[in-house]
Amino acid sequence: MIWVDNSVSIITSVTYYNNTKTILNLIVQYNGNGIPTIDNITTDSSGIVYYNVICYTSAGDFNCFFYLSARSQSEVYTINYKQNSVSMSPFSEFIKIGNIYLGAVSQSPIQSPSLTFTGRFIKPYSNQLHLKVTAGILNNTYNFLNSDITYSDSGDSSLDPAFTISLVDGVGPISLKIYHNDILKVEYNTSYQNPIISSIVYKNDEITINGNNFGLQQFSIYSTITVDDKLLNNLTFSRYSNSDISFPFKNINAQISQVKIMFESIVSNVYPITFSPLPKSLVVINNLKSILIAGERLNTIRKDGQQSNITVSINSYISCTAFENKSSFDNTLIKCNLDKGLELNSSTNSLMVTIDSLQSPILYWVSDFPIPRLITYNQLKNGDLELIGENLGNENHRDIAIYINDQIAVTSHQDVNPTLPLELYNFKNGELMVIQGNQNVSIQSNSLWIDFVPYISGISSRDETISRFKGGIITISGQYLHLSRYNGSKTIVSIYPNCSDIQGNDNGTEIICTLLGSPETTLSVTIDNQQSNTFTLPYSKIKRTSRRMMSNGRVAGIIIGSIIGLFLTMVIIVNLNSYLTKRKKIKNQNNHTVTEINRIN
């Protein structure tokens, strides 16, 4: 018979129960009737010794707990205990701590990217506890195992150990996941470092943002930029680097806006950008009583629909009222009235525009040219328009722009009384004026009403039986055959011999009317007291045949350049060489008799 001393208790197993950030709870099983007295618990990896182990019985279980430190981990715990003041053989067991606690998580630098996080009970142990960390970056997942993770421990039991992984280049959010033996223990969202805007430059319709953490060029497709919280779509970057990016941007209003850069949910600081008004040139009009200012961001209305507060200073004197936007679609031209007329210095003058407290750069100019004045004009037979007046060009070779009905016809002539080649059918009877100056400032002449001389190049008939006795419907072709003036009023038109039911087209190249019977053989048109040349009527002797007046006069093209600020553009001027003609009878493809008219060069 073998005797067993039931008064001696031996620990047979230790089971992990649960843990908090600071306490580990164990269930201790033992045989025997006596309760073991635990002196301390030692560890094999961290080297921590735990004293003050508190045990108690609950629901038949022998429970023990002790306080953990920041350096505690899953490892082999050895329980040193006594029975009836007699030291017993220590009991060792691998304890896997179930709950881990993540501490601080860094943002990854853009250059030399890496991620560092701290935490408790994360460290792997031998072959019994494997650590795996995954990082989700730009729709890709990267895995880091034990050997890929750098562990650092300060040795301070109050400081959580740190873990570092090296990342790939990227931008934006990072999804961090930590696994123990492929069991997900904790998730955390961090990111690469937020983009930082340090300055913004707006010039020549391009924004350049300077700063840091914008990422490499290949990540520009993930970059989104907002101006006043409005997303800029379909951006094409002219430059993209980690420290500066540039892209085209057009803003037509003088205002202060807010810019930020985002990579998904990762947002930069908000940085202001100033869109200042930019005057480029001015034209003095209305006998020095008004000015037109051309440039950029010259808005009279804000984006919210409220009136802009505008001041215009000439030579430091605030001198303008009654602002009027002359190009509301792009805010490039405003007009205002001068309080006391234009007062200029003999030397350098200056202009500054302020819109809603935003000041423009100062525009400087020297006004050393006289005011142009128109007296009269001559419409020459070769199609040119000769202007007669004063100060129309001078020895300083100032540039001249000529407006007809607000359409600009440009000439580079610098002589007094210049000759202007015209595209004849473009202009209706109306106003003509000259603007003269340099690239910064120009002065407008008085306006001169102009009545163009109509010209007939051909007469044809759509009637098969037209004769000098019965008449019929005819088409008069030519130039300046307008039935209305530029201001919308109707021109005074008379046709000899008499023609009724007069109709015309928009460009003034055709009149259709019903010719009444008359013995006259030629026809002329008078519009606003300007009489055209005469042209032979296409009567038929026996049977009316269709007549088509044909013209193959030579056309010369003259290209004139724009040279006065924003107001002038490149145009093509066309000039008919001569009004002299020669005629001959020919048969057309329908065997009708046609009068062909050719210009004599």
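Quick caveat, the model's predicted, so the values are computed rather than measured.
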Examine distances only and state if a side-chain atom of [X] and a backbone atom of [Y] form a donor-acceptor pair shorter than 3.5 Å.
X	Y	answer
Ser445	Val434	yes
Asp501	Cys513	no
Thr226	Leu231	no
Gln503	Ile512	no
Thr491	His482	yes
Ser198	Asn210	yes
Asp528	Ile492	yes
Ser268	Ile261	yes
Arg297	Ile252	no
Asn325	Ser327	yes

Closest contact, heavy atoms only, [X] versus [Y]:
X	Y	answer
Ser350	Trp365	C-CZ3, 3.6 Å
Val312	Ile291	CG1-CD1, 4.3 Å
Ser223	Tyr240	CB-OH, 3.6 Å
Leu298	Thr332	CD1-O, 3.9 Å
Ser290	Asn286	OG-ND2, 3.1 Å
Pro361	Pro277	CD-O, 3.4 Å

Check your understanding: Where do Ile375 and Arg373 land on the side-chain contact (heavy atoms from CB on, under 4.5 Å) test, with the steps shown first?
Key -> CA-CA 7 Å; Ile375 298 174; Arg373 188 172 76 91; 3.7 Å; yes
Measuring from [X]:[atom1] to [Y]:[atom2], what's the distance to the nearest 0.5 Å?
X	Y	atom1	atom2	answer
Leu278	Asn204	CG	CG	9.0 Å
Asn429	Ile450	CG	CD1	8.0 Å
Tyr486	Leu432	OH	CG	13.0 Å
Glu386	Thr376	CD	OG1	9.5 Å
Asn378	Leu387	CG	CG	9.0 Å
Leu358	Ile310	CG	CD1	11.5 Å

When you check the side-chain N and O atoms of [X] and [Y], is any donor under 3.5 Å from an acceptor?
X	Y	value
Glu206	Ser238	yes
Asn337	Thr321	no
Gln258	Tyr271	no
Ser484	Lys428	yes
Ser257	Gln255	yes
Thr534	Thr522	no

Is any side-chain heavy atom of [X] less than 4.5 Å from a side-chain heavy atom of [Y]?
X	Y	value
Thr300	Ile334	yes
Thr208	Ile245	no
Thr521	Leu537	no
Thr311	Cys320	no
Asn315	Tyr317	no

Point to revise | Glu296: which of Asn251, Asn253, Asp205, Asn331 passes side-chain contact (heavy atoms from CB on, under 4.5 Å) | key: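 Among Asn251, Asn253, Asp205, Asn331, the one meeting side-chain contact (heavy atoms from CB on, under 4.5 Å) with Glu296 is Asp205.
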Exercise for review: Taking the six-membered ring for Trp and the single ring otherwise, decide whether the centroids of Tyr202 and Phe275 are under 6.0 Å apart.
Suggested key: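 Distance test on ring centres: under 6.0 Å, yes.
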Review point. Would a line drawn from the ring center of Tyr377 to the ring center of Phe452 be shorter than 6.0 Å?
Key: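 Centroid distance Tyr377-Phe452: not below 6.0 Å, so no.
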Point to revise | Note: Lys250-Asp330 ion pair, threshold 4.0 Å (strictly below) | key: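 No, no charged N to carboxylate O under 4.0 Å.
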Exercise for review: Determine the interplanar angle of the Tyr222 and Phe219 rings, folded into 0 to 90°, and report it as parallel if under 30°, tilted if 30 to 60°, perpendicular if over 60°.
Suggested key: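 Tyr222 vs Phe219 ring planes: tilted.
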Practice item. Mind telling me whether Phe249 and Phe247 have parallel, tilted or perpendicular rings, with 30° and 60° as the class edges? Key: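 It falls in the perpendicular class, over 60°.
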Practice item. List the steps, then state whether salt bridge (charged side-chain N to carboxylate O under 4.0 Å, His left out) holds for Asp451 with Arg485. Key: CA-CA 9 Å; Asp451 292 322; Arg485 305 180 186 94; 5.4 Å; no
Exercise for review: Could you please spell out the steps behind the side-chain contact (heavy atoms from CB on, under 4.5 Å) verdict for Ile225 and Phe237?
Suggested key: CA-CA 11 Å; Ile225 298 175; Phe237 294 100; 3.9 Å; yes
[X] [atom1]: over 12 foreign heavy atoms closer than 6.0 Å:
X	atom1	value
Gln218	CD	yes
Asp304	CG	yes
Ile318	CD1	no

Practice item. Check the pair Asn309 / Arg302 against side-chain contact (heavy atoms from CB on, under 4.5 Å), numbers first and verdict last. Key: CA-CA 9 Å; Asn309 295 318; Arg302 305 187 193 108; 3.4 Å; yes
Practice item. Decide yes or no on side-chain hydrogen bond (donor to acceptor under 3.5 Å, both in side chains) for Ser319 and Asp339, but give the supporting numbers first. Key: CA-CA 6 Å; Ser319 53; Asp339 292 344; over 6 Å; no
Check your understanding: Passes side-chain contact (heavy atoms from CB on, under 4.5 Å), Tyr480 versus Gln379? Steps please.
Key -> CA-CA 12 Å; Tyr480 291 133; Gln379 185 176 341; 3.3 Å; yes
